Number of protein chains: 2
Amino acid sequence: MSRKITIKDVAKHAGVGIGTVSRAINGNPNISTSTKEKILESIKILGYTPNNVAQSMRSQRYKNIAFFADISNPIFAQIAKESQIELDKHGYTLSLCNIGEKDIGNKISSFLEGRKSDGIILSIPKEDDFELNRSLANIKVPIVTINRDVPILPAGVVTDYYFSVNEAIDYLLSLGHRNIALIGGDKKIRPTREGISAYKDAFLSNGVKLNNNYIKNGKLSSESGEALFNELLPDIQKGELTAILCLNNQMFYGVLRGMRKAKLKYPDDISLITFEDSELMELLDPPLTVIHRPIDEMGKSIVNTLINYIDNPETYGKLEPVVIPTNFIIRESCKPVSIKK
Amino acid sequence: MSRKITIKDVAKHAGVGIGTVSRAINGNPNISTSTKEKILESIKILGYTPNNVAQSMRSQRYKNIAFFADISNPIFAQIAKESQIELDKHGYTLSLCNIGEKDIGNKISSFLEGRKSDGIILSIPKEDDFELNRSLANIKVPIVTINRDVPILPAGVVTDYYFSVNEAIDYLLSLGHRNIALIGGDKKIRPTREGISAYKDAFLSNGVKLNNNYIKNGKLSSESGEALFNELLPDIQKGELTAILCLNNQMFYGVLRGMRKAKLKYPDDISLITFEDSELMELLDPPLTVIHRPIDEMGKSIVNTLINYIDNPETYGKLEPVVIPTNFIIRESCKPVSIKK
DNA sequence: AACAAATATGGAAACGTTTCCAAATTTAAA
DNA sequence: TTTAAATTTGGAAACGTTTCCATATTTGTT
């Protein structure tokens, strides 16, 4: 295998200095058009490609982003994919890092100490983890969070939970539902906070009295979803509770499982709406009415926000969150309430 | 922010030369226990961590693996996750790269030219893509493929399609099914090839005559799955075809969609088995009988195979494929055939 | 105690870039 | 033309390691 072509080879071939070659590669303006062309020609002839490791070493820029999330949740896998596609356009690569529930801060710090990334895309389970926030505060590269407001961090990219939930509840109310359960994660995370607020506002603006007991909070897991469903079960069986809106797809699986075990069917026994669409949501029988978010747009926004922070560090922390709108897709998991007491 | 601690600082603090510090870090045997301890102590005091970029630059080893697959398929996202977890244990990072259908070889080459990886995990749609194979042949780092036999590449990691399909067909035959359709991808890819061979052998060993028309091949997409299902539809409606085994989860979605449109229900109108388990497969109504493969084990095997190739280049191409066993999970999507003509 | 062999150590060179500064060249102004 | 200013260029230094070789030290043998 022949020796790797370096910048020196290019310089010699083009009859210029290495600094000039570097300027040609990096779009530096201090170079005449003619020499630049000559160098680009030599590069093509020799088949030269810059060694990124050497570039990073010297320039302290790495053209790499680290993606920290629990990618066993398919939604994050999709976001990772879309982010990677967008990053690729900007010449960045994406390092995938899985995180669990614990010790996230240390994992990120130790990753950054060794490996070099210019920025981080981060999805964390909680917003108010004191330890975590302290570690995050010490990280010196920009971080863009997904659907979380972390006090110590600048605004990230968020789904429009408020609008989505408002719209969905409006829809259920218009179908005649009066008791609607909201199942979500911890009250302290943005999606739940926004969701609850939209839920309440929807009842208020429709002049319907709401029952706070139907706001259920738990962990973002199917087990927790199933447990919360079971708390609601008696009221469903009594016919008092007629609809459920679930803010998280993992929890929704738990709701489905709970229904299965209780031998309940939607939409006859209860109307169902969940957050997050997927091919299977349409293939469930009956197909599910869902709140759909455009994952590709999320990926693009995340990447562009992050790259903006990298290129313009002075804007870091000064921007408003990017809010991604959703689509409400009505299928067949909700039906009108016929009789009202 | 204070200047980064380098190996020189450590050397000065410990009163040794930089080469000695390097030896201490890298587990080089040519160092006395006492100096090594002294250096490790200094490292701890100063909070030194080696700069990986500089290490890579000099050593030409990158401690990075590139993962090329279509990660919008959740199964690859999961494999990516499991691989990353395993790689992490070995001090490697994972770069995620999405690939489409076209120009895969060039994408990989150009990624490797700039970015530096020590190895590649690869999932490609086809095995016999001449252009692609030619590009792959020129890649000088080890490649481990997932479920494909690429002639030019050494053995990768494969699911035990033969055993799985054999077991599943046996099961369907034991339920009295005599006409069973097999839906899979191109005949030239390993899973389909093995699947068909296992399918035929199962009929043979059970002394049942098989109908070659029920072996259906298409693309690994839900659209293709739906199209193939529609080809089978007349025979299903005539009651001649009573079971389908689907080798690919994407195609299976198409089958489900086709059934939905034809207003057919499983297991009453047809028995159904698919490859690939997921939380939702259990939550479908009725829950699906599936062939489950242990993704964590696949990830581990992939990584260990690849790292072995990196550490022992002389074994590259000399090893047998690693075959990952599967579990057959019987749920409720198949029912016995009552009447036989 | 003397010497050879084995082990341990220091530090220059190299990895392939970018950055910076000084110098050369071109352009513009007088 | 001359001179000043602007532009372009070359290449040394630096980024932080590992590797290699020469040298120093320790260990073992007689």
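These numbers were taken from a predicted model, which means no experiment stands behind them.
With dT19(D), dT17(C), dC15(D) as the choices, the nucleotide that has an atom nearest any side-chain atom of A54(A) turns out to be dT17(C).
As a whole-Å value, the separation of E37(B) CD from dT9(C) P is 12 Å. Note: CZ (R61(A)) to P (dT18(C)) measures 9 Å, nearest angstrom. One atom, NZ of K4(B), and another, P of dT17(D), lie 7 Å apart when rounded to the nearest Å. Atom NZ in K63(A) sits about 16 Å away from atom P in dT17(C), given to the nearest Å. Rounded to whole Å, the distance from CD on Q55(A) to P on dG16(D) is 17 Å. When rounded to the nearest whole Å, the span between CG of N52(A) and P of dT17(C) equals 9 Å. Look at CG on D9(A): it is 9 Å from P on dT17(C), rounded to the nearest Å. Distance, Y62(A) OH to dC15(D) C1': 9 Å, rounded to whole Å.
The main-chain N or O of R190(A) is found under 3.5 Å from a side-chain atom of E127(A) such that the two form a donor-acceptor pair.
In this structure, CG on N73(B) lies 4.0 Å from CD on Q250(B), to the nearest 0.5 angstrom. Rounding to the nearest 0.5 angstrom, the gap separating the CZ atom in R293(B) from the OG1 atom in T159(B) is 4.0 Å.
Residue N64(A) comes nearest to T93(A) through the heavy atom pair ND2-OG1, 2.9 Å, listed as atom of the first residue, atom of the second, then distance. Listed here is the closest heavy atom pair of P294(B) and I324(B): CG-CG2, 3.9 Å.
For Y92(B) and Y62(B), the distance between ring centers is not under 6.0 angstrom.
With hydrogens and angles ignored, a donor-acceptor pair closer than 3.5 Å exists between the side chain of R58(A) and the base of dT18(C).
One finds a side-chain N or O of S22(B) lying less than 4.0 angstrom from the OP1 or OP2 phosphate oxygen of dT18(D).
Nucleic acid contact for N26(A): sugar-phosphate only, since backbone atoms but no base atoms lie under 4.0 Å from a heavy atom of the residue.
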Restricting to nitrogen or oxygen on both sides, can you table the protein-nucleotides 4-11 of chain D pairs closer than 3.5 Å?
from    : atom 1 : to     : atom 2 : distance (Å)
dT9(D)  : OP1    : S32(A) : OG     : 3.2
dT9(D)  : OP1    : T35(A) : OG1    : 3.0
dT9(D)  : OP2    : S32(A) : N      : 3.1
dT9(D)  : OP2    : T35(A) : OG1    : 2.9
dG10(D) : OP2    : G17(A) : N      : 2.7
dG10(D) : OP2    : T20(A) : OG1    : 2.8
dG10(D) : N7     : R23(A) : NH2    : 2.9
dG10(D) : O6     : R23(A) : NH1    : 3.4
dG11(D) : N7     : G19(A) : N      : 3.4

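For E314(B), the CD atom is densely surrounded, since the number of other residues' heavy atoms within 6.0 Å is greater than 12.
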